[in-house]
Each structure stands twice: as C-alpha cells, then as structure tokens.
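One structure below.
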Amino acid sequence: MTQITPYCPQQVEADAQAHWQTTRAFQATEDPEREKFYCLSMFPYPSGKLHMGHVRNYTIGDVVARYQRMLGKNVLQPMGWDAFGMPAENAALKQGQAPADWTRANIADMKRQLNRLGFAYDWEREIATCDTDYYRWEQWLFTRLVEKGLVYRKQATVNWDPVDQTVLANEQVIDGRGWRSGALVERRDIPQWFLRITDYAEELLQGLDQLTAWPEQVRTMQRHWIGRSSGVQIRFDIVGQADQVEIYTTRPDTVMGVTCLAIAAEHPLVTPLVQQHADLASFVRNCQQGGVAEAELETMEKCGYPLGLQAIHPISGDYVPIYVANFVLMSYGTGAVMAVPAHDQRDWEFARKYDLPMRQVIAPAEGTGADISQGACTDPGVLINSGSFDGLTSAAACDAIADWLIRHDKGSRQTRYRLRDWSVSRQRYWGCPIPMVHQADGTLQTADELPVVLPEDLVPDGTGSPLKKSPAFYNLGAGRRRETDTLDTFFASSWYYARYCCPDAGQAMLDERVHYWLPVDQYVGGVEHAILHLLYARFFNKLLRDEGLLHCDEPFTRLLTQGMVVAETYYRVQPDGSRDWYNPAEVRVEKDQQGRIQRAWLSADGQPVIPGGTEKMSKSKNNGIDPQRLIDQYGADTVRLYVMFSAPPEQSLTWSDTGVAGAHRFLKRLWTIAYQTGPVSGTTEPLTDTGPVRHVLHSQLQKALSDYERQHYNTVISACMSMLNALQPLVSEATARPVVQEGLSILLRLLAPITPHITHHLWSQLGYGPDILQADWPQVDQAALQQKQVQMAIQVNGKVRAQLTIAADTDESALRQAAQVHENVQRFIRDRTIRRIIVVPGRLVNIVMV
RNA sequence: GCCCGGGUGGCGGAAUCGGUAGACGCAGCGGACUUAAAAUCCGCCGGCCUUAAACGGUCGUGCCGGUUCGACUCCGGCCCCGGGCACCA
C-alpha cells in the first residue's frame with residue numbers, strides 16, 4: 001500500500017483560507033436575479049479573546065450560511081464589534097489604558113482568531129460601534145426622535161455609590177454594596193433620557209404572532225415582558241387633604257377587601273411629612289438603601305411604616321391606613337398600590353407583619369369557604385362581604401365594580417403594559433455621546449453639528465464619567481453645556497443588522513441596499529438575549545421603518561437561540577469583601593462519586609478557591625475557556641466539528657474538553673479513507689445498486705438532509721459518522737469502489753458547512769470537482785431506500801417479547817398470524833384470551849391480553 | 001419573588017406525530033498489530049436475577065400520581081439545575 005499523506009490541519013486550513021481569500025469567495029453583492037439569504041450572528045463585545053461561547057455561536061451561524069450557499073442562495077454573512085461598554089472602562093481602571101486602545105487591540109486579536117476558524121464572513125462590511133462613522137447616525141436618529149417627540153426626559157431611580165460618587169450598574173451591586181467601595185448602595189432619582197417604546201407596545205406584542213420561525217419560548221417571554229393587562233385605575237381621597245392617591249389593579253373584584261394602601265417613599269404625599277416625623281424620616285432613608293434590580297426588590301424583606309394618613313375607600317367610604325413601603329417605586333406606575341391581604345400573597349404577608357385587618361371578599365367558586373388564615377386565596381370565585389356586589393362571579397364583579405367606579409367618577413378602565421419606556425442615558429464615558437446641549441436658560445436643544453465626537457484619550461478613575469470632568473468636551477461657552485451622558489450600548493446594537501447592508505453609506509444612516517438584504521433571514525445568538533436585545537432591535541426596526549429608511553416590519557425572520565456554554569466559576573474573597581474570579585483552566589478540582597466538587601485549588605499556588613456554581617461564560621466571572629489551545633492542537637475543523645456535535649444548538653452546554661479527540665479521530669479517518677480510495681475514476685453514471693451499504697448511505701443522507709432543515713446539527717454529524725462506518729469495510733474491495741466514491745462525495749458535501757477546510761481539500765485534491773463551494777447539494781436515491789425485509793417487535797400487553805424479520809410487504813392478517821406463532825410469544829399468550837391486536841406497520845405488533 | 005427553559009448509562013447526547021429507550025461519540029475493558037509505546041483496526045459495554053454461554057426474566061428516562069393496548073413523549077402535583085428580570089453584554 002502506498003504511503004498516505006498524514007492529515008495536517010494547520011496546512012490544509014491555511015491553504016483553504018488562502019483560496020477563499022484570493023477568490024473573494026464570501027464578498028456579497030446585491031443581485032436581484034438571485035435569491036438572497038442574510039445570515040447574521042450576534043456581534044461580539046470585544047472583551048479580549050474569543051471564548052467557547054463565541055466559537056459555538058459563530059460556528060452555528062457559519063454552518064447556516066455555508067449550507068444556504070450550497071443550496072444556491074446569494075448569502076450575506078457579515079461580522080462586526082459591539083465595541084462600547086463597561087468592560088473597557090473596567091480594564092482602564094485596572095491597567096490605566098484608554099478604553100479606545102484596549103478595545104481596538106482586542107478587536108485585532110479577536111478578528112485574527114475568527115479568521116483562524118475559517119468563518120465565511122464578508123469582512124468588507126465590518127462595523128465597530130465605537131467608530132464615528134457608525135455612531136454619528138445614532139446621534140442623527142436620536143435628534144430625529146427628539147423632533148418626533150419619541151424622546152423625553154424624566155427622573156429615574158439608579159444605584160448610587162455614596163463613596164465613589166458614581167452610578168453603578170446592577171451587576172456592580174453585590175449584596176447591596178458597591179463592588180469597589182463596599183459602601184451600602186442607595187437608590188437615587190436622577191434625570192434620564194427615555195425612548196417611548198411603550199408607544200409601540202401594542203405593535204411589538206401583535207408582531208410576535210407573525211414570527212412563526214422564532215422559538216416559541218422567546219415569543220412567550222416577550223409577550224410576558226410586554227405584559228398587556230386590562231384593569232382599573234382607582235382614585236382614593238384622603239381624609240383632611242385635597243390630594244388623592246391613584247392605584248392601578250387588575251383585580252377590581254377584590255377592591256372591597258382593601259385594608260391598606262402602600263406608597264413609595266418618594267411619593268409627593270410623603271415628602272411634607274418627613275420633616276415633621278423623625279421616625280418616618282429614618283424609615284424613608286432606609287427605604288432608599290439597596291439596589292434597583294427587580295429581583296432584589298421582589299426578594300428583599302417587605303417593610304412598611306404608617307404615614308399617619310387615612311384614605312377613604314371609594315365604594316364603602318371606610319378609612320384605610322396609608323403605609324410607606326420599601327417595595328413600591330415612585331418611578332414605576334403610579335407609585336402606589338392597594339393592599340388586599342385576603343387575596344394577594346404579598347399583601348397577606350405584609351398584613352401579618354403589621355397586624356393589619358384581612359377582609360375576605362371572594363369565596364371559592366366550588367366547595368366550602370377557603371381558609372385565609374394560612375395564606376391568601378388568589379383564585380377567582382364568588383363575591384362575599386361586598387355589599388351590592390355579593391354573589392357576582394369574579395369576572396362579572398370586575399365589570400360591575402369598574403362600571404360603578406366610572407359612574408361615580410372614582411376611576412377609569414385602562415389597558416396597561418408591564419413594559420416600561422427605555423432609559424437610554426448612561427453616566428459613562430465609553431459610549432456614544434447623546435447629541436444634546438443644555439442651554440444657558442435651562443432648556444435643551446439638539447446639537448448644532450453632528451457628529452459629536454467622543455474624545456478617545458480620557459481614562460476613567462471610577463468616580464463618575466470623565467466627560468463630566470472634561471470642559472474641553474462639555475463647555476460650549478456662553479453658559480451652554482454639552483450633555484455628558486452617553487447612550488446605552490443596546491442603542492448601538494439595535495440597528496447594526498441594517499447598517500451591514502450599506503456600511504459605507506456616507507450621506508444617510510441607510511441606503512437602498514437594505515431593501516435587497518433585509519429582513520435578516522436567519523439570526524443566531526445566545527438565548528440570554530431573548531428579551532432585551534431582541535425587543536429593542538424589533539423596536540428600532542419599526543422606528544427606522546417609520547423614518548422611511550426600510551420597509552419590513554420585523555428585522556429577523558428566523559431566530560436560533562443558541563444555548564449557553566456554561567462553566568464552573570471559582571473565586572476568593574478579598575480583604576475588602578470583593579471577589580476575585582479565577583479561570584477554570586487555572587483551577588484543579590477533586591470530585592466525589594456523584595461528580596460534586598469536594599475541593600478546588602489554584603494550580604499556581606495550591607491555595608483553595610471557592611466554587612461559585614456553573615454559570616454563563618463571562619468576562620466578569622472569568623470563566624471563559626480559551627479555544628485557542630484546541631485550535632493549535634487539533635485545527636479549526638476539529639473544534640468546529642466538536643462544538644456542533646456535542647450538543648444540539650439550542651441546549652446549554654457545560655464545558656468539558658473530553659471528546660474533542662474523538663472529533664479529531666473522525667476527521668483523520670475521513671482523510672485516510674478518502675486517500676485510500678484515491679482520485680475519482682470510472683463512471684459518473686448514477687448508481688443503481690440497492691445493496692445494504694447504499695441503503696445505509698441513502699437512509700442516513702435522508703436523515704441528514706432533514707436534520708439540516710431542522711437545524712439539528714449534532715445528528716447531522718451522527719449520520720455522517722454512520723455513513724463513514726458503513727464505507728470503511730469496503731475501502732479495500734475493488735468492486736465496491738463506485739459505492740465508496742459515491743459515499744465520499746455525499747459525505748464531503750454534507751460536512752462542507754461544518755468542516756469547510758478538510759472537505760475543500762479532499763474535494764478538489766481527489767478530483768470530485770473544482771471547488772466544493774460550487775458543488776450541487778446531494779440528493780437521496782429513493783431506490784436505494786427500499787428494503788425487502790423489515791424487523792418488527794412483537795409485544796404482549798406493551799412489553800417486547802420477540803423480534804420478527806419479515807418481508808416488508810406482508811399484509812396485516814399475515815403479520816398477526818406470524819406474531820402469534822412465535823415461540824416466546826406463545827409462552828405469554830397460552831391459555832389466555834386475546835382481546836385485540838394492534839399493528840403499527842413497519843414497527844410492531846402488540847397483542848393485548850385480558 | 002416573577003417569567004422562560006432543562007433533568008435519559010460513568011460522560012455528551014439519540015429516539016422528528018404516543019409505538020422496540022440508549023443511535024452516534026467520549027471514557028473504560030478485552031483482543032490484533034508492534035521489541036515497546038503511540039497511532040490504527042476488531043470486539044464488549046445501563047442495573048439486578050437466571051445461565052457454562054446464549055436464550056430468557058425484571059427494574060430503569062429527576063420524584064409522586066393519572067390517562068393509554070402502549071408514556072422519555074400527554075395531564076396534575078412536587079424537587080433540583082440553568083437563563084432573564086430593564087445600567088453585564
């Protein structure tokens with residue numbers, strides 16, 4: 001046997017990539033004659049190096065793009081950088097490097113790594129959101145939205161670090177304390193810029209029904225997030241005051257059970273009383289302790305303090321006490337809620353704690369009265385203790401009570417959304433400057449000239465935005481002052497998909513090329529973006545549409561939410577209480593028999609580290625795995641194959657590096673078998689052989705083709721492995737050569753989207769064709785699928801008792817006969833009466849006994 | 001706390017519409033080749049019972065219950081893990 005060139009991925013991959021470069025294989029051009037396919041993966045934040053989550057995301061996207069290309073579509077697959085954000089400022093704090101330099105160095109590194117993986121990107125469309133040519137159009141859009149009245153300014157509650165004198169992100173609040181200072185975080189209201197996304201709430205909700213190629217779970221999450229509800233806004237008068245308190249409820253049927261109102265510490269009713277009552281003042285101060293994250297507000301201990309005012313129940317006229325409560329925020333809703341302890345669990349607990357009366361006004365529709373001594377009864381039922389409303393069902397009472405309140409001018413019906421307007425201003429440096437100017441008279445105007453360029457030479461010091469300390473930036477003279485807040489980075493990532501269509505458009509935000517490419521046919525990204533990013537991008541698409549810049553209603557036709565790559569986290573607590581996170585690659589662990597971690601220590605110093613649980617790979621928890629080592633050792637194709645094989649794309653993947661060797665072994669076998677078979681020779685006529693190997697080949701091909709459509713790429717690979725397993729014994733048989741060649745030709749094309757380098761090499765080197773990118777997609781030979789014999793299971797009462805190999809065209813009565821005579825079956829049916837026999841053609845016969 | 005997912009051998013996973021649970025791979029074990037190792041190739045591989053072995057039996061898809069001739073799949077209740085909760089991206 002002749003010596004076979006060993007598989008050398010580094011060489012094969014460099015050659016293939018050079019070929020794609022010289023042929024400009026992935027540069028996309030608009031061509032109205034061809035069907036387009038726009039495949040987009042969520043662009044990365046340039047945090048440093050590529051981690052496994054990136055590799056997984058971009059490999060999935062690349063497989064989709066290359067698959068569509070092989071189907072003959074005109075494919076656009078761009079790539080860029082979500083380049084503004086907090087980590088650049090954090091790196092600057094640590095290393096004193098300007099965020100711009102850090103970011104651009106990371107972009108260069110990560111671009112090199114992406115290229116090494118062989119992704120089919122059109123790099124001529126590369127975008128970085130920190131480039132003036134990109135963000136100038138955000139500023140332009142912002143001014144347009146100001147003109148349209150879709151931007152406004154309002155107080156909003158933020159996390160305030162009283163020591164560092166800075167606003168903290170929710171992520172920077174750890175156990176109620178600032179991550180750097182360790183100081184107790186306070187809630188503080190400051191003026192912020194808002195976008196009226198709620199104007200689009202109904203359209204964003206309705207649009208979900210059209211997104212049939214989105215995962216149902218994402219649509220459900222967005223529906224709940226938008227959270228449309230029908231309810232009643234009710235006004236309560238206050239004893240001895242002209243002011244009123246307004247509340248909103250979706251359960252007006254329970255209104256007769258109100259025994260308390262709870263209002264926010266910042267509510268206008270509270271402020272005048274604070275000066276008079278020291279206890280109240282101290283309670284209000286306590287209320288302002290802690291962060292603003294909803295999870296924190298919902299899980300903290302609910303506290304209240306009686307304000308000393310009584311509200312007048314709008315129907316009964318009873319007096320109900322008003323409490324100040326730490327779980328009501330002034331900036332959401334009306335800043336007040338009604339409490340119905342008998343029928344709401346949170347209110348029930350609140351009433352227990354402060355010894356407030358409970359008044360049951362709903363009886364369960366069926367059975368005897370519910371016991372509210374153990375907890376609230378939240379189910380709908382029939383009204384009791386509700387005067388003239390007694391006996392109504394909850395549904396009827398909702399209507400009747402709403403009507404009563406409206407008739408007596410005490411309330412109104414309202415449709416509300418849980419969705420809140422989008423606060424887009426950030427008190428940070430490394431972002432797009434908001435193009436507004438504070439005039440000497442206190443009014444606000446849009447900037448005279450765009451772009452407002454962000455100075456790149458500033459270095460943050462952890463005590464607020466350096467822009468605020470940079471008169472060169474903000475001081476416009478004559479008392480005019482530039483806004484120093486920057487835009488939320490979600491602003492930049494909400495329209496990049498459109499800019500890729502025309503990244504060089506100099507005269508406008510978007511040009512006519514978007515009409516060819518949009519909407520995006522396939523969007524791929526982490527499931528963690530299921531709500532915020534995807535909702536904001538849908539919102540922006542509608543803003544851009546209403547601006548006349550694009551025509552589609554929704555930006556992303558099909559969505560694949562890739563599961564996360566998660567890994568264990570490890571940390572040590574520093575003397576100041578902060579946590580230092582260690583990468584799993586630097587940690588050694590000892591596990592017990594159940595696989596639980598017993599002991600973990602840093603390999604560098606042997607000292608223990610604390611396991612922090614498996615979490616999404618992230619910069620902040622330092623648990624990203626560097627894929628570079630694997631690429632160096634095995635090559636890009638092996639890494640691509642491995643990440644696609646080891647789990648279905650939508651499932652989360654707990655990182656472990658066993659199994660990579662198996663993926664590599666498969667590619668080596670493919671290489672060896674292809675070279676043993678040698679250059680393509682002989683007839684090119686379609687084969688007519690219907691032997692067992694071609695049956696395996698074409699039934700596996702059929703499975704692989706359908707799995708490509710279903711995006712079950714892990715089982716595409718399983719099918720390819722089965723095909724290679726079937727071919728392997730035939731390699732040394734000269735007569736089987738046509739079948740092996742056919743098999744390899746199918747296999748190479750099936751694998752081309754997943755492992756593009758090795759398939760490119762073998763295809764052209766062994767004479768299957770000039771360039772696998774131009775090859776036709778394989779097709780199933782139906783004749784090869786036919787089988788003369790099938791194997792069926794025989795069950796008795798649903799338990800498998802025997803196997804039957806029988807002619808595929810055996811009719812049903814013959815099958816019943818054959819099943820009953822089987823020896824082992826006889827043991828179970830002897831002496832007993834057969835009640836029925838169920839035949840599932842091609843699968844099983846089930847004999848049901850008495 | 002609320003919303004959305006997930007839980008199948010030692011491990012990753014398969015089972016597309018309620019129809020033979022464990023495809024494909026990893027790890028492991030046994031064998032071939034080799035002076036040896038690596039690589040490669042061949043075979044075995046959920047637990048328990050029975051058996052010389054095969055055949056066979058029985059349990060088994062997080063837990064408890066239900067529907068069905070038949071349940072990983074459907075229904076009810078629970079447990080655990082992951083994601084999101086509006087300033088991480």
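These numbers were taken from a predicted model, which means no experiment stands behind them. Each chain gets a letter, A, B and so on, in the order the sequences are listed, and its residues count up from 1.
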### Task
Round to the nearest Å and state the distance from A:Tyr713 atom OH to B:rG25 atom P.
22 Å
#### Entry: Check: B:rC87 base within 3.5 Å donor-acceptor of A:Gln427 side chain
yes
### Message
Applying a 4.0 Å non-hydrogen cut-off, can you work out what A:Val158 is touching in the nucleic acid: base, sugar-phosphate, or nothing?
### Response
base
#### Entry: Contact under 4.0 Å: A:Gln728 side-chain N or O vs B:rC42 OP1/OP2
yes
### Residue that, paired with A:Gln820, satisfies side chain to side chain contact (heavy atoms under 4.5 Å, CB included) out of A:Ile794, A:Val845, A:Ile829
A:Ile829
### Which residue lies more 5' along RNA chain B, comparing A:Tyr642 with A:Phe828 via nearest heavy atoms
A:Tyr642
### Query
Would one find a side-chain N or O of A:Arg836 under 4.0 angstrom from OP1 or OP2 of B:rC69?
yes
### Message
Any donor-acceptor pair under 3.5 Å linking the side-chain atoms of A:Asp82 with those of A:Ser493?
### Response
no
### Query
Taking only N and O in the side chain of A:Gln791, is any of them less than 4.0 Å away from OP1 or OP2 of B:rU20?
no
### Query
Does a side-chain heavy-atom distance below 4.5 Å link A:Arg196 with A:Trp422?
no
### Query
Does A:Arg843 make a side-chain N or O approach to OP1 or OP2 of B:rC17 shorter than 4.0 Å?
no
### Query
Does a side-chain N or O from A:Asn159 land closer than 4.0 Å to OP1 or OP2 of B:rC87, or not?
no
### Query
To the nearest Å, how far apart are A:Glu89 CD and B:rC87 P?
16 Å
### Task
Please check the phosphate of B:rG57 (OP1 and OP2 only) for any side-chain N or O of A:Asn824 closer than 4.0 Å.
yes
### Query
So, A:Asp161 and A:Trp179: side-chain donor and acceptor under 3.5 Å apart, yes or no?
no
### A:Ile834 CD1 to B:rG70 P, straight-line distance once rounded to whole Å
16 Å
### Query
If you measure from the P atom in B:rA27 to the same atom in B:rG82, how many Å do you get, rounded?
28 Å
### Task
Between B:rG5 and B:rC75, how far apart are the P atoms? Round to whole Å, please.
12 Å
### Query
For B:rG60, does either OP1 or OP2 sit under 4.0 Å from a side-chain N or O belonging to A:Lys799?
no
### Message
With rounding to the closest Å, how many angstrom separate the P atoms on B:rG10 and B:rG6?
### Response
23 Å
### Query
Which residues satisfy the ring pair (Phe, Tyr, Trp, His ring centres under 6.0 Å) test with A:Phe666, sequence neighbours excluded?
none
### Task
Give the ring-plane orientation class for A:Tyr7 versus A:Trp671, where under 30° counts as parallel, over 60° as perpendicular and anything between as tilted.
tilted
### Message
Between B:rC3 and B:rG57, how many Å separate the two C1' atoms, rounded to a whole number?
### Response
48 Å
### Query
So, does the side chain of A:Arg835 form a donor-acceptor pair with the base of B:rC69 at under 3.5 Å?
no
### Protein-nucleotide distance (A:Arg665, atom CZ; B:rA38, atom P), rounded to Å
13 Å
### Task
Specify the residue among A:Gln700 and A:Val167 whose closest nucleotide of RNA chain B lies further upstream toward the 5′ end.
A:Gln700
### Task
Check every strand shown and say whether A:Ser732 touches a base, only sugar-phosphate, or nothing at a heavy-atom separation below 4.0 Å.
nothing
### Task
Describe the nucleic acid contact of A:Ala295 in one word from base, sugar-phosphate, nothing, applying a heavy-atom distance below 4.0 Å.
base
### Query
Has A:Lys302 got more than 12 heavy atoms of other residues, nucleotides or ligands less than 6.0 Å from its NZ?
yes
### Message
I'd like to know if A:Gln803 reaches the base of B:rU20 with its side chain, counting only an N/O donor and acceptor under 3.5 Å.
### Response
yes
### Message
Does B:rU40 have its OP1 or OP2 closer than 4.0 Å to a side-chain nitrogen or oxygen of A:Lys668?
### Response
yes
### Task
May I have all residue pairs that pass side chain to side chain donor-acceptor pair (under 3.5 Å) and include part of residues 714-727 of chain A, sequence neighbours excluded?
A:Arg669-A:Asn725, A:Asp707-A:Thr715
### Message
Take N1-N3 plus N6-O4 or O6-N4 for Watson-Crick, N1-O2 plus O6-N3 for G-U, both under 3.5 Å. Which runs of 3 or more such pairs involve RNA chain B?
### Response
B:1-7 with B:79-85, B:10-12 with B:24-26, B:28-32 with B:40-44, B:46-49 with B:56-59, B:62-66 with B:74-78
### Query
Given atom CD of A:Gln795 and atom C1' of B:rA21, what is their separation to the nearest angstrom?
12 Å
### Message
Checking A:Thr157 against A:Asp189: is there a side-chain donor and acceptor pair closer than 3.5 Å?
### Response
yes
### Query
For the side chain of A:Asn846, counting heavy atoms from C-beta on, which of B:rG19, B:rA15, B:rC85 is nearest?
B:rG19
#### Entry: P spacing across the pair B:rA21 / B:rU61, given as an integer number of angstrom
12 Å
### Task
Verify whether one side chain among A:Gln562 and A:Glu528 offers a donor that lies under 3.5 Å from an acceptor in the other.
no
#### Entry: Atom-pair distance (CZ on A:Arg223; P on B:rC4), nearest Å
11 Å
### Task
Provide, to the nearest angstrom, the distance between the CZ atom belonging to A:Arg669 and the C1' atom belonging to B:rA39.
14 Å
#### Entry: Whole angstrom value for the distance that separates P of B:rC26 from CD1 of A:Ile717
13 Å
### side-chain N/O A:Thr715 vs B:rA14 OP1/OP2, d < 4.0 Å
no
### Message
For B:rG13 and A:Gln651 - does any side-chain N or O of the residue sit under 4.0 Å from the phosphate oxygens OP1/OP2?
### Response
yes
### Message
Of the listed nucleotides (B:rG1, B:rU16, B:rA39), which one gets closest to any side-chain atom of A:Glu298?
### Response
B:rG1
### Summary
Taking B:rC87, B:rG13, B:rA89 as options, the one with an atom nearest any side-chain atom of A:His529 is B:rA89
### Query
For B:rG82, is chi within 90° of 0 (syn) or not (anti)?
anti
### Query
Would you say B:rC2 has OP1 or OP2 under 4.0 Å from some side-chain N or O of A:His224?
no
### Message
B:rA14, OP1 or OP2 - any side-chain N/O from A:Asn714 closer than 4.0 Å?
### Response
yes
### Rounded distance in Å between the P positions of B:rC55 and B:rG46
13 Å
### Query
Reckon A:Phe645 touches a base, only the sugar-phosphate, or nothing at all at heavy-atom distances under 4.0 Å?
base
### Message
Considering every strand and a 4.0 Å limit on heavy-atom distances, what is the contact class for A:Val800: base, sugar-phosphate, or nothing?
### Response
sugar-phosphate
### Query
Which of these passes ring-ring contact (aromatic ring centres under 6.0 Å, His included) with A:Phe540: A:Phe491, A:Trp495, A:Phe490?
A:Phe491
### Message
Suppose you measure atom P in B:rA53 against the same atom in B:rA37; what distance do you get, rounded to whole Å?
### Response
31 Å
### Message
Going by the glycosidic torsion and a 90 degree boundary from 0, is the base of B:rC49 oriented syn or anti?
### Response
anti
